[in-house]
Student: 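One structure, as structure tokens, below. Some questions next.
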Amino acid sequence: MGNKRRHNPKYDRSVYSSMVLITQFGINMLVPICMMSALGIWLDGRYGTSFWTILLFFVGAIAGGQNVYRMAKKVYEAEEKADEKTEGNK
């Protein structure tokens, strides 16, 4: 009557870990941008200027990009090691 689906725990784990990874990429990108932009807004308001927000936004974007790059590099290296370990066991 009903169509029962079998759950593969290994597949579920990879889906969840992928979702967590995407979320971490977003957080690692957004936090520096938001913090630096907030600092820029505060500095512009305090000193009556209009360039700190834009400048610090780009500084935050560069810092966020570096964070994402480092994290992606670690994940890639960890997957390579796991693949090598799996191939060595065959």
Side-chain angles (χ1 to χ4, degrees):
M1 207 186 228
N3 189 6
K4 291 186 179 181
R5 293 170 56 187
R6 290 186 181 175
H7 289 287
N8 184 349
K10 189 174 184 179
Y11 172 75
D12 289 343
R13 194 173 334 138
S14 70
V15 169
Y16 293 133
S17 65
S18 296
M19 289 171 49
V20 168
L21 186 64
I22 291 169
T23 303
Q24 286 177 338
F25 281 157
I27 290 170
N28 279 332
M29 195 68 190
L30 287 176
V31 169
I33 291 173
C34 290
M35 289 179 66
M36 296 305 283
S37 294
L39 178 62
I41 291 168
W42 181 79
L43 286 172
D44 282 340
R46 177 154 179 130
Y47 296 112
T49 58
S50 61
F51 64 90
W52 285 111
T53 303
I54 296 168
L55 178 68
L56 292 178
F57 172 85
F58 286 111
V59 169
I62 291 169
Q66 286 179 334
N67 289 341
V68 169
Y69 174 76
R70 287 185 199 133
M71 189 173 137
K73 189 175 175 183
K74 282 182 186 178
V75 169
Y76 180 74
E77 288 172 354
E79 285 181 6
E80 268 189 356
K81 285 182 183 179
D83 288 344
E84 287 175 4
K85 204 179 267 189
T86 306
E87 288 177 5
N89 291 336
K90 288 183 179 179

Student: Hey, what do you get for CD1 (Ile33) to CZ (Phe58), rounding to the nearest 0.5 Å?
Tutor: 10.0 Å
Student: Applying the 4.5 Å side-chain criterion to the ILVMFWY set and letting contacts propagate, would Leu21 and Val68 be lumped into a single cluster?
Tutor: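 Leu21 clusters together with Val68.
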Student: Should Leu39 and Met29 be regarded as members of a common hydrophobic cluster, given that ILVMFWY residues are connected when their side-chain heavy atoms come within less than 4.5 Å of each other, either directly or indirectly?
Tutor: no
Student: Any donor-acceptor pair under 3.5 Å linking the side chain of Thr53 with the backbone of Ile41?
Tutor: yes
Student: CH2 of Trp42 to OH of Tyr47: how many Å apart, nearest 0.5 Å?
Tutor: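 If we round to the nearest 0.5 Å, Trp42:CH2 and Tyr47:OH are 5.5 Å apart.
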Student: Looking at every heavy atom in both Met36 and Leu56, which two are closest together, and how far apart are they?
Tutor: CB-O, 3.1 Å
Student: Would you check if the side chain of Ser17 reaches a backbone N or O of Ser14 as a donor-acceptor pair within less than 3.5 Å?
Tutor: yes
Student: Excluding sequence neighbours, so at least two apart, what forms side-chain hydrogen bond (donor to acceptor under 3.5 Å, both in side chains) with Asn28?
Tutor: none
Student: Just wondering, are more than 12 heavy atoms of other shown residues or ligands nearer than 6.0 Å to CG in Leu55?
Tutor: yes
Student: Under 4.5 Å side-chain heavy-atom separation, chaining through any Ile, Leu, Val, Met, Phe, Trp or Tyr, what else clusters with Met35? Say none if it is isolated.
Tutor: Ile27, Val31
Student: Measure the spacing between CD1 of Ile62 and CZ of Phe57 and express it to the nearest 0.5 Å.
Tutor: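 CZ of Phe57 is found 10.5 Å from CD1 of Ile62.
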Student: Should we count CZ of Phe51 as having more than 12 external heavy atoms under 6.0 Å?
Tutor: yes
Student: Which atom pair, heavy atoms only, marks the closest approach of Pro32 to Ala63?
Tutor: CB-CB, 4.2 Å
